[in-house]
Novice: 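Supplied in C-alpha cells, the structure appears directly below.
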Amino acid sequence: DGKILIGGAFRNGHGTASLGMARLLPDGRLDSEFSSPIEPGLPGAPAPRIDAITPLAGGRLLLAGSFSTDASGSPKSLARLHEGGSEDPAFPGNLGDALGLPTWVGRQADGKALIGLTKWDALGDRHDQVVQLDDQGDPGAVLLDWVNRPWLEVKLAAGLPDGKVL
C-alpha cells in the first residue's frame, strides 16, 4: 500500500508523539491511523529504540529493540503488533531476553519469523544465533550458532521461495 514503517530512537515524528516507531503515508506525512504501542519508559530513561521491523502474515509486525509497551516501563526486546499497531498479547515479549539480545528480525517464505540473537553462556562464550519462531512466537529450530566468532555477525536474513534462508 506504499506506507513506510520507520524505527529508531526518537520521541516524535513531524511534531506528533511517536515513540521509537511510526508509519508514514506514501507522501511522507505521518499516518494518523497507526498507533504505536511503545511507551515512554520510566522518567529519565533513554528514548525507546526500535532496531528492526519486519512484516509478518496478516499485516502483523515483528519488532526488535529496547522498549516498553506498558506504563510500568517493563523492558522488552521483542514484540509483535497487529496491523493497526496494537500489541499482540499472545506473543511472549520477553522471549529475546530469555534467549539473548535480538539484533535483527526477518521472515521466511513460509511466513515463519527469524530472529538474530547475541548471547553469552555461563562460561562467557559469545553465541551469535539465527533462531526460527513458530506461529505462537515460541523458539523453534536454531538454524545457526557461531561461538566466539564476533567477526561472523549476521545482520539480516531473507527467506527464499524454496524454504532456504539467505
Side-chain angles (χ1 to χ4, degrees), residues 5-9 19-23 34-39 41-42 45-166:
L5 291 165
I6 60 171
L19 298 167
M21 70 176 300
R23 188 168 69 185
F34 182 81
S35 177
S36 170
I38 308 303
E39 292 286 336
L42 300 173
R49 189 184 78 246
I50 303 298
D51 296 323
I53 305 170
T54 198
L56 299 173
R60 296 178 303 173
L61 302 170
L62 184 61
L63 312 177
S66 177
F67 54 90
S68 176
T69 55
D70 61 43
S72 74
S74 176
K76 288 188 177 182
S77 53
L78 284 173
R80 185 170 61 194
L81 308 183
H82 295 293
E83 187 172 5
S86 63
E87 184 177 16
D88 181 351
F91 187 79
N94 62 351
L95 176 69
D97 301 326
L99 292 177
L101 176 68
T103 55
W104 58 268
V105 292
R107 185 177 87 174
Q108 290 182 208
D110 64 3
K112 290 185 178 160
L114 298 171
I115 57 174
L117 299 165
T118 299
K119 69 178 184 176
W120 289 263
D121 64 22
L123 299 174
D125 292 328
R126 175 184 166 148
H127 294 257
D128 289 289
Q129 296 182 323
V130 176
V131 177
Q132 184 182 65
L133 302 180
D134 66 18
D135 292 336
Q136 288 72 42
D138 294 320
V142 174
L143 304 179
L144 177 70
D145 185 7
W146 282 321
V147 181
N148 288 331
R149 291 183 173 84
W151 59 90
L152 296 175
E153 182 177 15
V154 177
K155 287 292 193 181
L156 59 100
L160 301 175
D162 63 2
K164 295 179 181 174
V165 178
L166 175 65

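Here, residue 1 is the first one in the sequence, and each next residue gets the next number.
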Novice: For the atom pair CD (Glu83) and CZ (Arg60), what is the distance rounded to the nearest 0.5 Å?
Specialist: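 Taking CD in Glu83 and CZ in Arg60, the distance rounds to 11.0 Å.
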
Novice: Mind checking the OG1-CD spacing from Thr118 to Gln129? Nearest 0.5 Å is all I need.
Specialist: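 Reported to 0.5 Å precision, the distance equals 9.0 Å.
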
Novice: Looking only at heavy atoms, what is the nearest atom pair of Ala113 and Leu56, with distance?
Specialist: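 Heavy atoms only, the tightest pair is CB-CD2, 4.1 Å.
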
Novice: When you compare the side chain of Lys76 with that of Pro102, does any pair of heavy atoms fall below 4.5 Å?
Specialist: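 The answer is no; the side chains never approach within 4.5 Å.
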
Novice: Could you check whether Lys119 pairs with Asp121 (Lys NZ or Arg NE/NH1/NH2 to Asp/Glu carboxylate O, under 4.0 Å)?
Specialist: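 No, no charged N to carboxylate O under 4.0 Å.
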
Novice: I need the minimum non-hydrogen distance between Asp110 and Lys112, along with the two atoms involved.
Specialist: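 Distance-wise, the nearest heavy atoms are OD1-N, 3.0 Å.
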
Novice: So which atom in Ala57 and which in Arg107 form the shortest heavy-atom distance, rounded to 0.1 Å?
Specialist: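 Scanning both residues completely, I find the closest heavy atoms to be N-NH1, 3.5 Å.
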
Novice: What are the two closest non-hydrogen atoms of Leu61 and Pro55, and how far apart are they?
Specialist: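 So the minimum-distance heavy-atom pair works out to CD2-CA, 4.0 Å.
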
Novice: Got a second to check how far Trp104's CH2 is from Ile115's CD1, nearest 0.5 Å?
Specialist: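 These two atoms lie 8.5 Å from each other.
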
Novice: List the atom pairs, with distances to 0.1 Å, where a side-chain N or O of residues 46-53 and a protein N or O form a donor-acceptor pair under 3.5 Å, not counting sequence neighbours.
Specialist:
unit_1	atom_1	unit_2	atom_2	d
Arg49	NE	Asp51	OD1	2.7
Arg49	NE	Asp51	OD2	3.1
Arg49	NH2	Asp51	OD2	3.0

Novice: Rounded at 0.5 Å granularity, tell me how far OG1 in Thr54 sits from CG in Leu114.
Specialist: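 With rounding to 0.5 Å, OG1 (Thr54) is 8.5 Å from CG (Leu114).
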
Novice: Going by heavy atoms in the side chains, are Val105 and Leu78 under 4.5 Å from each other?
Specialist: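 When only atoms from C-beta onward are counted, Leu78 and Val105 do touch, with a gap below 4.5 Å.
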
